[in-house]
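Counting from 1, the numbers follow the sequence of the chain as shown.
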Amino acid sequence: MAPYLPTLRQFIKTGQIEQAMEQLSILSSRLDNEKKDVIEMLALASDKTALSLLNFLLGKTTLDSETRKRLFQLTMDRAHLNFAFTTLLLDHGDRSQLIHYVPLFKHILSKETNEDLLNRIIRTAGKFKIDLLVDDVAEFIFYDHIALKTDAIKALERIGNTRARERLEQIALTDKCDQDVLDAIDVLKMNMPEAPLAAIAPDMVEAQQATASLETNLTLLTSTLLEDRYQAIAYFSTRGPQVAEALAGSITDLNDLDHDLVINLLELTARTIPREAINSLFTLIAHKEIADNVRFAGYNALEAFPELESVARSIKGISDPSLYVRMAAIKLLERHCSDYIVAEIKNKIESGTKTVEMLVHSILDARAVCLMEALMISDTFSYMASNYLEKNAPVSVITSFISILERRGLKSTAKKYIHLRDQKAGIKKEGYIVVSTSRAYLDVYAKLIHTCGYAARTFTSTQEAFEAILFEKPTAIVCDLFFKDMTAMGFSREIREMFTPKELPIIISSLQQGLAKPELDQELKRSNVNIFCSFPATTSQIKSWITSA
């Protein structure tokens with residue numbers, strides 16, 4: 001009998017679909033590690049082959065729940081890159097799964113032109129009463145497309161909630177009103193005769209005041225004065241939906257962005273994590289001409305979300321030539337890792353391109369333990385990782401690698417790296433403390449500071465950083481401009497109660513660009529901040545911070 005995996009791999013590679021299906025028909029009886037290898041094959045298969053084979057497998061009810069879950073996730077990842085895979089989700093998903101796919105459906109409804117796929121999603125929204133799609137479906141009533149309009153009206157009628165009735169009644173007041181719209185409203189009135197609560201007009205004065213306050217603070221996000229920006233950030237920190245709406249409005253022309261407005265809205269998105277902002281974030285990072293620091297902030301905002309259905313659209317970030325953009329992308333992929341992500345990165349690493357070593361180093365520097373553990377089956381990754389750990393890796397990276405080895409029971413290999421870690425930790429180096437709410441920011445500076453020959457301790461909390469400074473004075477402090485509870489100026493003033501600028505240099509490194517220099521310089525002087533620079537600093541700048549203090 002031919003070996004199972006090599007035979008199946010050859011069938012998939014050569015597009016012999018019927019033969020591959022025959023092999024896959026016994027997948028449920030194979031070992032777990034074989035199932036994992038099969039999923040990797042499907043992740044790297046051509047679209048045509050993967051469509052047929054995933055459709056075949058998702059129709060198999062004999063597969064265990066874990067394998068089915070991974071197959072659905074793989075299909076979801078591929079659907080974000082090729083909308084044709086969405087048909088598989090529609091064919092095989094139940095209502096709970098379809099609700100989970102709503103962000104993908106919203107993305108398709110706003111971008112796709114394929115009538116059949118649009119019709120299917122609209123009809124599915126009605127059939128399964130997916131109320132989160134009401135507004136997206138309603139938009140198709142305004143299109144000059146009879147079939148889509150008819151399906152949209154019927155879908156809203158079948159969803160039958162308050163919002164669906166509201167949208168139909170709003171449409172009835174426009175030139176798009178026809179008998180189908182009126183009939184759907186009549187049906188909903190019979191099913192829910194009470195007046196929709198959302199239709200009750202709010203107090204106009206309060207509404208106007210709220211709008212004015214929002215617009216004022218939106219303007220303050222780009223003020224040339226530091227305190228104005230901080231005030232606006234504090235205002236929006238509890239208003240996630242408004243942040244998402246403002247972000248969508250700020251990127252309507254991706255070739256002409258208001259840099260600081262977008263940067264601050266991205267920072268606010270990372271704080272408030274409104275799901276309405278997800279498609280805007282993916283749109284932003286996918287644009288080829290976006291500045292590196294904006295792309296970094298976009299990846300950083302996405303990484304803040306505890307749950308994302310798929311991050312497949314961000315896989316290109318691993319090849320970004322910019323160190324800090326690449327690190328932010330890896331942090332995102334690490335937090336939302338999947339079989340598809342691992343397969344694509346493994347394939348990239350084993351491709352033999354010149355940038356592979358740079359990618360491996362970035363994965364290690366980002367301390368992406370999930371990715372590192374998944375990639376250890378690759379001899380290429382293991383070889384490059386070992387070389388980097390032994391020669392150039394900072395202690396924190398070695399420590400993360402040790403945790404993986406210990407979890408996998410590789411005690412003898414772990415002992416080797418424990419000895420290496422202790423040896424490197426014993427070398428006394430001047431140390432920086434880095435403070436930011438962004439983990440990507442911290443990892444980027446940890447890498448740069450290590451490259452300059454110094455050590456770095458990183459903190460996301462100003463209070464924890466302050467306590468560490470009291471315990472052991474660092475050589476210098478690098479911090480972001482805004483924290484959740486204060487600005488870097490306030491943080492500096494607390495430090496200056498103990499240490500002078502000469503004793504302990506404080507450097508603020510920020511993505512902000514448009515602050516007025518005279519006012520900023522005065523504020524820096526009052527707070528005894530040594531240096532204000534862009535993020536990230538160059539290695540020559542980092543080396544000069546200590547020598548010039």
Side-chain angles (χ1 to χ4, degrees), residues 1-98 100-101 104-105 108 112 114-121 123-124 127-128 309-313 315 337-348 350-351 374-375 377-378:
M1 181 182 292
Y4 182 73
L5 290 177
T7 302
L8 177 59
R9 182 175 282 106
Q10 183 62 22
F11 288 149
I12 292 176
K13 185 177 180 180
T14 56
Q16 299 180 70
I17 293 173
E18 290 187 6
Q19 293 88 334
M21 285 182 179
E22 185 177 348
Q23 293 288 308
L24 291 172
S25 65
I26 61 170
L27 182 61
S28 60
S29 64
R30 308 305 299 188
L31 298 173
D32 287 345
N33 65 318
E34 291 180 311
K35 293 174 183 176
K36 184 177 179 181
D37 286 342
V38 169
I39 290 173
E40 181 182 326
M41 294 179 203
L42 295 171
L44 299 175
S46 69
D47 284 348
K48 180 181 178 182
T49 300
L51 270 168
S52 297
L53 298 184
L54 283 170
N55 186 44
F56 173 76
L57 284 172
L58 292 174
K60 302 280 288 183
T61 58
T62 54
L63 289 171
D64 61 275
S65 59
E66 178 61 25
T67 301
R68 283 184 63 80
K69 178 182 176 182
R70 296 175 77 162
L71 287 169
F72 269 109
Q73 182 61 54
L74 173 57
T75 306
M76 164 70 75
D77 286 333
R78 298 200 65 149
H80 275 271
L81 301 173
N82 182 341
F83 292 161
F85 284 86
T86 308
T87 60
L88 306 187
L89 302 174
L90 296 169
D91 287 339
H92 300 288
D94 57 29
R95 186 176 188 276
S96 63
Q97 289 172 307
L98 292 171
H100 180 64
Y101 306 150
L104 172 64
F105 296 152
I108 293 173
E112 184 56 274
N114 182 293
E115 178 185 337
D116 290 338
L117 181 55
L118 293 172
N119 269 323
R120 287 215 53 192
I121 294 175
R123 291 197 296 270
T124 298
K127 177 182 178 181
F128 290 95
E309 58 177 26
S310 171
V311 293
R313 282 185 274 170
I315 192 69
C337 190
S338 69
D339 292 306
Y340 175 80
I341 298 301
V342 171
E344 282 291 326
I345 296 177
K346 179 171 175 280
N347 189 49
K348 176 77 172 176
E350 295 179 346
S351 67
L375 292 167
I377 60 172
S378 165

Decide if atom CD of Glu350 counts as having more than 12 heavy atoms of other residues, nucleotides or ligands within a radius under 6.0 Å.
yes
Any side-chain heavy atom of Asn114 within less than 4.5 Å of one from Phe83?
no
Determine whether a donor-acceptor pair (N or O, by modelled atom type, separation under 3.5 Å) exists between the side chain of Arg78 and the backbone of Ala312.
no
Using a 4.5 Å cut-off on heavy atoms from C-beta on, say whether the side chain of Lys36 contacts that of Thr67.
no
Would you compute the distance between atom OG1 of Thr62 and atom CG of Leu57 and round it to the nearest 0.5 angstrom?
9.5 Å
Kindly determine whether Asn55 and His92 satisfy side chain to side chain contact (heavy atoms under 4.5 Å, CB included), including the steps that lead there.
CA-CA 8 Å; Asn55 186 44; His92 300 288; 2.7 Å; yes
Could you give the side-chain donor-acceptor pairs of residues 69-77 under 3.5 Å, partners two or more places apart or in another chain?
{"from": "Arg70", "atom 1": "NE", "to": "Asp339", "atom 2": "OD1", "distance (Å)": "3.4"}
{"from": "Arg70", "atom 1": "NE", "to": "Asp339", "atom 2": "OD2", "distance (Å)": "2.8"}
{"from": "Arg70", "atom 1": "NH2", "to": "Asp339", "atom 2": "OD1", "distance (Å)": "2.5"}
{"from": "Gln73", "atom 1": "NE2", "to": "Asp77", "atom 2": "OD1", "distance (Å)": "3.2"}
{"from": "Gln73", "atom 1": "NE2", "to": "Glu309", "atom 2": "O", "distance (Å)": "2.9"}
{"from": "Thr75", "atom 1": "OG1", "to": "Leu71", "atom 2": "O", "distance (Å)": "2.8"}
{"from": "Asp77", "atom 1": "OD1", "to": "Ser310", "atom 2": "OG", "distance (Å)": "2.6"}
{"from": "Asp77", "atom 1": "OD2", "to": "Ser338", "atom 2": "OG", "distance (Å)": "2.7"}

Would a 4.5 Å heavy-atom cut-off, applied to side chains only, mark Tyr4 and Leu27 as touching?
yes
Could you give me the CA-CA distance, side-chain angles and deciding distance for Glu66 and Lys35, then say whether salt bridge (Lys or Arg N to Asp or Glu O under 4.0 Å) is met?
CA-CA 10 Å; Glu66 178 61 25; Lys35 293 174 183 176; over 6 Å; no
Could you tell me if the side chain of Arg120 sits less than 4.5 Å from the side chain of Thr87, heavy atoms only?
yes
Determine whether Phe105 and Leu90 make a side-chain contact, defined as any pair of heavy atoms from C-beta on separated by less than 4.5 Å.
yes
Heavy atoms, side chains only, cut-off 4.5 Å: are Leu44 and Lys346 in contact?
no
Just wondering, do Arg30 and Leu5 contact through their side chains at under 4.5 Å, heavy atoms?
no
So, Gln97 side chain and Asp94 main chain: donor-acceptor pair closer than 3.5 Å or not?
yes
Would you check if the side chain of Ser52 reaches a backbone N or O of Thr49 as a donor-acceptor pair within less than 3.5 Å?
no
For Tyr340 and Leu81: C-alpha separation, side-chain torsions, deciding distance, then whether side chain to side chain contact (heavy atoms under 4.5 Å, CB included) applies.
CA-CA 11 Å; Tyr340 175 80; Leu81 301 173; 2.9 Å; yes
Could you check if a side-chain atom of Glu112 sits within less than 4.5 angstrom of a side-chain atom of Ile108, using non-hydrogen atoms only?
yes
